[in-house]
Amino acid sequence: MDQYIQQQNNPYQQKAPNIFKQFCLAFVPAGYDRLAKVKIGSMIGFVTLLALVATLISVIHQMLTFPFDDMRRMVDRLPDFTITDGHMSLEEDFLYEEDGMYVYMTDDVEGFTYGDAVQKVSEGYVDVILVGRDRIFIMQNRGQLRYQYVGFEMFGRNKQLSKALVVEALMPFLAGLSIILYFMIFVGRILQYFLFAAVYLLFGMVMASIMKKRIEPGVLYRTAVYAKVLMFVAAMALELIPFAFLTIPFLIRVPVTLVFMGFAIAKLPGQTNQMQAPMMMGPGGPGGQGWQ
């Protein structure tokens, strides 16, 4: 009986919602008192599942928008080249710039840099492939800026590869790179989500102080985690639109999340910061002399 009364007096001791209910309640500020009961493991599982779905959507979006036909046409036009001991050599420089794709190959430089690729993206190219003597640099600007670079030494020393062999292995090679890239994106999304939630926690403390409410930091952190769901899902929805390449600007995500978080904090139960002065009691009662 005492345990039941304690649970009723402390709303955070009631049963926590499952992952599906967590997702639904994340859009309802009035329901964040239930999300405050979620255990750490369940919260991590929720964010992990959210990041996994977002990554799978990115993969599907990539498959729908990647110009495979343009890639094949570009491959057919490639000049004869060889890769020996981690170094590429070709008879003349190669340039391909059609349908938003920019490909440049030369053995006059060891390799290209991030800045070189960004410059081409700023000119309006969506897919940029820069190939130097020792490495290849790939950058894509499809809603998000993504890039990777690989050195030719990975093909092995004391081996000579011709154009035919490299082209034959090109698609599997790019597929392997994509798997590695999206795994890194998946892990990065999880870490970034919790890191930004920690930043929102600081704003939550300020808002709770303004509202003169005392709320445990753990509860405020959970509020930050679930308040981020709204903009996170909105960004995922934009990726579902083929060939749209739309993103939500950072200056919109932050204010919307903070406003949503503010509504949730206002609905959370918490003790007021205004404490009443203790009443002096003594032998004479409330109107007596008090303890001498």
Side-chain angles (χ1 to χ4, degrees), residues 55-56 58-192 243 245 247:
T55 304
L56 291 176
S58 297
V59 172
I60 295 173
H61 186 262
Q62 173 78 359
M63 293 175 62
L64 292 175
T65 58
F66 189 80
F68 290 101
D69 292 337
D70 295 339
M71 177 67 75
R72 292 188 182 94
R73 286 197 297 268
M74 182 273 295
V75 168
D76 291 337
R77 298 183 189 180
L78 286 176
D80 290 330
F81 63 87
T82 58
I83 298 178
T84 307
D85 292 334
H87 303 292
M88 181 195 69
S89 61
L90 68 165
E91 296 181 356
E92 59 181 359
D93 294 350
F94 171 76
L95 177 62
Y96 177 92
E97 42 185 350
E98 295 181 11
D99 302 317
M101 177 178 289
Y102 182 92
V103 181
Y104 182 62
M105 298 175 61
T106 180
D107 56 3
D108 293 334
V109 297
E110 293 182 359
F112 293 91
T113 65
Y114 178 88
D116 297 326
V118 167
Q119 180 180 352
K120 292 303 175 183
V121 168
S122 65
E123 294 175 7
Y125 294 103
V126 178
D127 298 283
V128 176
I129 302 177
L130 302 174
V131 186
R133 184 171 60 251
D134 296 338
R135 57 184 178 270
I136 177 173
F137 197 108
I138 302 173
M139 179 173 287
Q140 295 176 319
N141 184 26
R142 298 177 177 276
Q144 291 180 324
L145 197 62
R146 297 166 181 164
Y147 68 94
Q148 62 254 22
Y149 63 92
V150 178
F152 293 131
E153 69 274 3
M154 72 169 295
F155 291 111
R157 296 289 181 178
N158 301 320
K159 290 184 180 180
Q160 180 171 332
L161 301 175
S162 64
K163 170 189 172 181
L165 292 175
V166 172
V167 168
E168 183 179 349
L170 181 61
M171 289 303 178
F173 174 71
L174 291 178
L177 282 180
S178 296
I179 292 174
I180 296 174
L181 173 64
Y182 280 107
F183 177 77
M184 295 174 61
I185 290 174
F186 167 63
V187 175
R189 273 186 170 134
I190 297 174
L191 298 177
Q192 186 183 63
F243 309 103
F245 308 133
T247 58

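These numbers come from a predicted model, not from an experiment. Only heavy atoms go into these numbers, but all of them, side chains included; no hydrogens, no water, no symmetry mates.
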**Message:** With a 3.5 Å distance limit and no angle check, can you tell me whether R135 reaches the backbone of G151 through a side-chain donor-acceptor pair?
**Reply:** no
**Asked** How long is the span from the CE atom in M184 to the CD1 atom in I179, to the nearest 0.5 Å?
**Response** 14.0 Å
**Message:** Restricting to side chain to side chain contact (heavy atoms under 4.5 Å, CB included), what partner residues turn up for Y147, sequence neighbours left out?
**Reply:** Y114, F137, M139
**Asked** What are the two closest non-hydrogen atoms of F112 and V131, and how far apart are they?
**Response** CE1-O, 3.4 Å
**Prompt:** Looking only at heavy atoms, which two atoms of L181 and Q148 are closest? And how far apart?
**Reply:** CD2-OE1, 3.3 Å
**Message:** If you define the side chain from C-beta out and look only at heavy atoms, does anything of E97 sit under 4.5 Å from L95?
**Reply:** yes
**Message:** Check whether D107 reaches the backbone of L90 with its side chain - one donor and one acceptor, N or O, closer than 3.5 Å.
**Reply:** yes
**Asked** To the nearest 0.5 Å, what is the distance between CD1 (I138) and CD (Q140)?
**Response** 7.5 Å
**Fill in**
CD1 of I190 to OG1 of T55, rounded to nearest 0.5 Å, is 7.5 Å
**Request:** Verify side chain to side chain contact (heavy atoms under 4.5 Å, CB included) between S58 and Y182, making sure each step is shown before the conclusion.
**Result:** CA-CA 8 Å; S58 297; Y182 280 107; 3.8 Å; yes
**Item:** Which atom of M88 lies closest to which atom of G132, heavy atoms considered
**Value:** CE-O, 3.5 Å
**Asked** Going through the checks in order, is the side-chain hydrogen bond (donor to acceptor under 3.5 Å, both in side chains) test met by D127 and Y102?
**Response** CA-CA 6 Å; D127 298 283; Y102 182 92; over 6 Å; no
**Message:** For Y125 versus K120, what's the shortest heavy-atom pair and its separation?
**Reply:** CD1-O, 3.2 Å
**Complete:** Heavy atoms of M101 and V103 approach each other most closely as CG-CG2, 3.8 Å
**Prompt:** Looking at CZ of F152 and CG of D134, how far apart are the two atoms once the value is rounded to the nearest 0.5 Å?
**Reply:** 8.0 Å
**Request:** Count the heavy atoms belonging to other residues, nucleotides or ligands that lie under 6.0 Å from CD of E123, then report whether that count exceeds 12.
**Result:** yes
**Request:** With rounding to the nearest 0.5 Å, note down the distance linking CD1 in I185 to CZ in F183.
**Result:** 12.0 Å
**Prompt:** Taking atom CD1 of I129 and atom CZ of F94, what is their separation to the nearest 0.5 Å?
**Reply:** 9.5 Å
**Request:** Determine whether L130 and I136 make a side-chain contact, defined as any pair of heavy atoms from C-beta on separated by less than 4.5 Å.
**Result:** no
